[in-house]
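Computed from a predicted model, the values in this text were never measured in an experiment. Every chain is numbered from 1 and lettered A, B, ... according to where its sequence line falls, protein lines coming before strand lines.
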Amino acid sequence: MTNPIVERERGLVELERRIAELRDVNVDQPVDMSPEIAALEQKYEEILREVFGNLSPWMKVHMARHPNRPTALDYIDAFERFDELHGDRHFRDDPAIVGGFGLLCGRPVIAIGEQRGRDTKENLRRNFGMPSPEGYRKVRRLAHLASRLGVPIVTFVDTKGADPGISSEEHAQSEAIAMCLYEFSQARVPIVATVVGEGGSGGALALAIADHVIMLEHSTYSVASPEGCAAILWSDASKAEEAAARLKLTAQDLQGFGIVDEIVPEPLGGAHRDREAVIARVLGSIDAAVSRLAAMPPDRLLEERYRKYRRLGSWESGQQESDGSHA
Amino acid sequence: MPTPDWLRIRRSKDGDGRDAAVWSKCPSCGELLYRRDLAANGHVCTRCGYAFRMGAYDRISAIVDGDFTEIGAEVQAGDPLGWVDKRTYPVKLNADREKSGLGEAVVCGFGQIGGHDAALGVMDFHFRGGTMGTVVGERIALLLEAARRRKVPCVLFTASGGARMEEGMLALMQMAKTTAAVARFMEDGNFFVVVLTDPTTGGVSASFAFQADVIVAEAKAMIGFAGRRVIEQTIRQKLPDEFQTAEFLLEKGAIDMVVTRAELKPTLVRLLGYAARGRRAS
Ligand SMILES: [Zn+2]
């Protein structure tokens, strides 16, 4: 399926080309073309605002899936240092998960990300960023290591979901994800998760139980993909646009529910239009959160993490009982 | 003592839910079974051994020795997304309450199993396909917290189509909530047993179901992360019949044992017995 955001960008390319041409010509023209250029640029800005200024949830889904959108490794490679660690120590190394030691703003961290491909070849190698059980077991291993060493965990979430294949079922995908959740809920170090693209269901949550959850302005995070939700509820995947609107999967919706703590703004038209600025902004937010959380004693960190997830939901009850005791 | 609620409203809701029907078709082998024979056989197919889906209160009465004290029943669903498709979410919930006689897709409480005090939670597929929304997550978390305070083991029966779409991300967050409660319960040295029943998939299988110390499954139960249809669409071929069955998972090393319905309670009693005698001095 073609990405409607990419389609819209195609229309703008022609205008961009004409502006660039006029600029080139203007240099050695006897007549000053500046007013024409300014007018075209203004028109360009207007179109940009009209096309990208108010993205519907469905358009955000496509923005989150944009082929040029910065991926986990684009952020991790912007750390001062990254040494990748491989494998689940049992069966294989899953390229849909990258992880290892890194230095972020001078601080050692364990960085873990869901990595989709930046071109077709890489996408095939990385299974379109859909991790297998082996990938989640690598996540768990690295999170456990971080907890043991007292090194913060920094994750980048970007997946349509966990791989739904035969081998993944044979290798107990459920158990692999379940034990990631367990590890993250118990890790005695700060965890900062950033949803940089698509946060698809349990496969995304496996990296996202965190003390501080960041989302990019146009990233999405959903209980199921809109296509999947439409298929499950209405047996009709073509109703995905309607599902996207109903699921409340935007960063703005999720901040309202208390699921997301911080939204990092993107330039008009999406993160890929100014990658460096977006990456710097995200790393800045992560560093600020890690610094704040690193000052907390581990017991307090765990207690607050427990309370945060314990509160999430929407229910009515006469008497509300909650466990206030310490872990 | 007056008849407790759970006994009064307990009812049989197996197969396709049409109580009046005389025949039930086995979803596993296709055999047509006379309802009375099926009931006499503990709702287990007389031909292939498939254990029919069981109502939560039927299950509780089959597992506990006597009394069962329900907790968390006061927790009822909100409508966080204001969900509407053909019907609103509150209308769907009401229809399921009437149809199933249940308040939600899980019933939690305390009772004795073979003389062992235990926390018991039973999911019921007849309510919204056993999907996990806030109430399921909240009731299970309350149960585990109470079990932790009482220092008693916990047995959870799962039956679920996954996360409940109509509660969106707040449904997904129940995976995190139940996990947090499971982890605290287990890290304190308490014993956690899960019984996977037909079907257990998605957000439930990928959270508390596969975090237990011992994972038991009922014969022929369908258990997996992704639904069969999704996998078939992804790989563009038909899956073998035994794929994602309890027996398949046992062979792959994902679960501890497959147990017939008749053996289920005796098995649980023995497991609780080992844990009780091995319990570290507190
Ligand atoms: Zn049968």
Which region of [X], side chain (C-beta onward) or backbone (N, CA, C, O), has a non-hydrogen atom less than 4.5 Å from a non-hydrogen atom of chain A, or is it both or neither?
X: B:Gln244; answer: side chain
X: B:Ile235; answer: side chain
X: B:Ile215; answer: neither
X: B:Phe248; answer: side chain
X: B:Ala73; answer: neither
X: B:Ala183; answer: both

- Toward chain A: residues of residues 221-233 of chain B with heavy atoms under 4.5 Å: B:Gly224, B:Phe225, B:Ala226, B:Arg229, B:Val230, B:Ile231
- Item | Reported OG-to-CZ distance for the pair A:Ser317 and B:Arg139, which is rounded to 0.5 angstrom | 10.5 Å
- Query: How many angstroms lie between atom CH2 of A:Trp234 and atom NZ of B:Lys86, to the nearest 0.5 angstrom?
  - Reply: 9.0 Å
- Message: Heavy-atom count check: over 12 atoms from other residues, nucleotides or ligands less than 6.0 Å from A:Arg148 CZ?
- Response: no
- Side-chain heavy atoms of B:Leu170 within contact of A:Trp315, under 4.5 Å: no
- Query: Would you call A:Ser314 and B:Asp79 a side-chain contact if the rule is heavy atoms closer than 4.5 Å?
  - Reply: no
Below 4.5 Å from any heavy atom of chain B, which atoms of [X] appear? Answer side chain, backbone, both or neither.
X: A:Ala243; answer: neither
X: A:Leu312; answer: both
X: A:Ser168; answer: neither

- Task: Tell me, out of B:Ala141, B:Gly203, B:Ala254, who's got the most heavy-atom pairs with chain A below 4.5 Å.
- Result: B:Ala141
- Item | A:Glu170 vs B:Leu249, side chain to side chain contact (heavy atoms under 4.5 Å, CB included): CA-CA, chis, key distance, verdict | CA-CA 7 Å; A:Glu170 288 178 342; B:Leu249 265 75; over 6 Å; no
- Query: Are the charged groups of B:Lys252 and A:Glu169 less than 4.0 angstrom apart, N to O?
  - Reply: no
- Note on the structure: The salt bridge (charged side-chain N to carboxylate O under 4.0 Å, His left out) partners of A:Asp261 (sequence neighbours excluded) come to A:Lys308
- Task: Could I get the full list of salt bridge (charged side-chain N to carboxylate O under 4.0 Å, His left out) partners for A:Arg246, not counting sequence neighbours?
- Result: A:Glu242
Of all the heavy-atom pairs spanning [X] and [Y], show the shortest one and how long it is.
X: B:Phe210; Y: A:Ser174; result: CD1-CB, 3.7 Å
X: B:Leu81; Y: A:Leu247; result: CD1-O, 3.8 Å
X: A:Val223; Y: B:Met169; result: N-SD, 3.6 Å
X: A:Leu181; Y: B:Ser207; result: CD1-CB, 4.0 Å
X: A:Pro164; Y: B:Thr234; result: CG-OG1, 3.8 Å

- Note on the structure: So side chain to side chain donor-acceptor pair (under 3.5 Å) across residues 158-181 of chain B, not counting sequence neighbours, yields B:Tyr89-B:Arg164, B:Tyr89-B:Glu167, B:Lys92-B:Glu166, B:Glu104-B:Arg164, B:Arg128-B:Glu166, B:Thr131-B:Arg164, B:Thr134-B:Glu167, B:Glu138-B:Lys177, B:Thr158-B:Thr200, B:Gln174-B:Lys177, B:Thr179-B:Gln211
